[in-house]
Amino acid sequence: MIKALKYAIPLILTVLIVFAGWLLYRKIQKPEEIEIFQSRPGDVMEMARLCSMELYNEVSILDTVNSKVMFAVQKQAGSISFDMEHLQIDDTGDTIRIILPPEIVEVHEASEKNAWQVIDTKAIGPMAILRSNKFTISEENRVKSKIKTNAIKRLYANGTVRQARKDAVKNLSLMMEGIYRRPVIVTDPTPEGSQK
């Protein structure tokens with residue numbers, strides 16, 4: 001018993017000293033400082049957009065630039081949204097009247113791996129054998145620019161923009177009725193889209 005007490009007392013004292021040291025350390029240590037910034041709208045453009053439709057597409061490309069042909073595949077992402085800051089709202093009567101603004105169509109190369117894959121390139125025309133098959137960065141960028149322009153035209157031609165505007169009218173009506181607590185009529189002056 002005395003032998004056990006001989007080991008127990010130093011062990012208890014050690015634990016108490018460590019505990020007291022830990023308490024003292026916590027008391028002396030400064031509390032974690034948290035920096036608080038004044039609240040402000042950070043990205044108002046993104047906050048003020050009603051997103052009607054997210055887009056994802058994979059397209060194959062066959063294009064010619066400077067007597068060189070490229071076959072490639074591009075994965076595209078984008079959206080069709082509406083700038084809420086440019087809504088025309090008439091709230092003078094019992095019914096709120098809103099005019100849907102022009103759509104914002106965005107198409108870009110997807111951010112995922114292998115979103116742009118060049119399958120094959122070939123020089124064509126006279127003396128093609130003496131020229132390089134490789135595309136320069138500027139030539140490749142010209143191809144990508146055409147792809148983006150064609151993708152946006154296709155969204156208007158195949159009715160995707162029309163559907164996005166139709167969905168936006170419906171969603172905007174529901175959202176504004178919840179805000180105003182009055183009947184809302186949303187009109188769309190350009191149901192086919194306002195492509196320039």
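These numbers were taken from a predicted model, which means no experiment stands behind them.
Using a 4.0 Å cut-off between charged side-chain N and carboxylate O, Lys146 and Asp63 make a salt bridge. Salt bridge present: Lys75 and Glu112 bring a charged side-chain N and a carboxylate O closer than 4.0 Å.
Applying the 6.0 Å contact sphere to NZ of Lys144 captures more than 12 heavy atoms from other residues, nucleotides or ligands. Around CG of Asn158, the count of heavy atoms belonging to other residues, nucleotides or ligands within 6.0 Å exceeds 12.
In terms of hydrophobic clustering, with Ile, Leu, Val, Met, Phe, Trp and Tyr side chains grouped at heavy-atom distances under 4.5 Å, Val73 and Ile147 are assigned to different clusters. Ile61 and Ile152 fall into different hydrophobic clusters, where Ile, Leu, Val, Met, Phe, Trp and Tyr are joined by side-chain heavy atoms under 4.5 Å apart, directly or via other members. Taking hydrophobic clusters as Ile, Leu, Val, Met, Phe, Trp and Tyr residues chained together by side-chain heavy-atom distances below 4.5 Å, Tyr180 shares a cluster with Val186. There is a path of hydrophobic side-chain contacts, each under 4.5 Å, that joins Val184 to Met84. In terms of hydrophobic clustering, with Ile, Leu, Val, Met, Phe, Trp and Tyr side chains grouped at heavy-atom distances under 4.5 Å, Leu62 and Val143 are assigned to different clusters.
Between the side chain of Asp90 and the backbone N or O of Thr92 there is at least one donor-acceptor pair closer than 3.5 Å. At distances below 3.5 Å, at least one donor-acceptor pair connects side-chain atoms of Glu103 with backbone N or O atoms of Ser194. The closest donor-acceptor contact from the side chain of Thr149 to the backbone of Ser145 lies under 3.5 Å. Using a distance-only test at 3.5 Å, with no hydrogens or angles considered, a donor-acceptor pair links the side chain of Glu139 to the main chain of Thr136. Between the side chain of Thr64 and the backbone N or O of Ser67, no donor-acceptor pair lies under 3.5 Å. With hydrogens and angles disregarded, a donor-acceptor distance shorter than 3.5 Å links the side chain of Ser173 to the backbone of Val169. The backbone N or O of Met176 sits nowhere less than 3.5 Å from a side-chain atom of Arg182 that would complete a donor-acceptor pair. Of the possible donor and acceptor atoms, none in the side chain of Arg142 sits under 3.5 Å from a partner among the backbone N and O of Ile137.
The shortest distance between side-chain heavy atoms of Thr187 and Ile185 falls below 4.5 Å. Residues Val105 and Tyr156 meet the side-chain proximity criterion, which asks for heavy atoms closer than 4.5 Å. Looking at heavy atoms from C-beta onward, Arg154 lies in side-chain contact with Val59 at the 4.5 angstrom threshold. Taking 4.5 Å as the limit, every side-chain heavy atom of Ile104 sits out of range of all side-chain heavy atoms of Ile80. The closest side-chain heavy-atom distance from Ile96 to Pro183 is not below 4.5 Å.
Between Asn133 and Lys68, the shortest heavy-atom contact is O-CD, 4.0 Å. Residues Pro101 and Leu87 share a closest heavy-atom pair of CD-CD2, 3.3 Å. Of all heavy-atom pairs spanning Ala110 and Tyr56, the tightest one is CB-CE1, 4.3 Å. Nearest heavy atoms, Gln76 versus Ala151: OE1-CB, 3.6 Å. Annotation for Trp116 and Glu109: closest pair CB-OE2, 3.4 Å, computed over non-hydrogen atoms. Between Val161 and Glu192, the closest heavy-atom pair is CG1-O, 4.2 Å.
Annotation: the span from Ile89 atom CD1 to Ile179 atom CD1 amounts to 8.5 Å, rounded to 0.5 Å. Rounding to the nearest 0.5 angstrom, the gap separating the CG atom in Asn171 from the CG atom in Leu100 is 10.5 Å. Rounded to the nearest 0.5 Å, atoms CG (Asp167) and CG (Leu172) are 12.0 Å apart. We find the CD-CD distance between Glu106 and Glu54 to be 9.5 Å, quoted to the nearest 0.5 Å. To the nearest 0.5 Å, the span separating CG on Asp120 from CZ on Phe71 amounts to 9.0 Å. Atom NZ of residue Lys153 and atom NZ of residue Lys148 lie 14.0 Å apart, to the nearest 0.5 angstrom.
Between the side chains of Thr190 and Arg165, at least one donor-acceptor pair of N or O atoms lies under 3.5 Å. Remark: the Glu58 side chain and the Gln74 side chain contain no N/O donor-acceptor pair separated by less than 3.5 Å.
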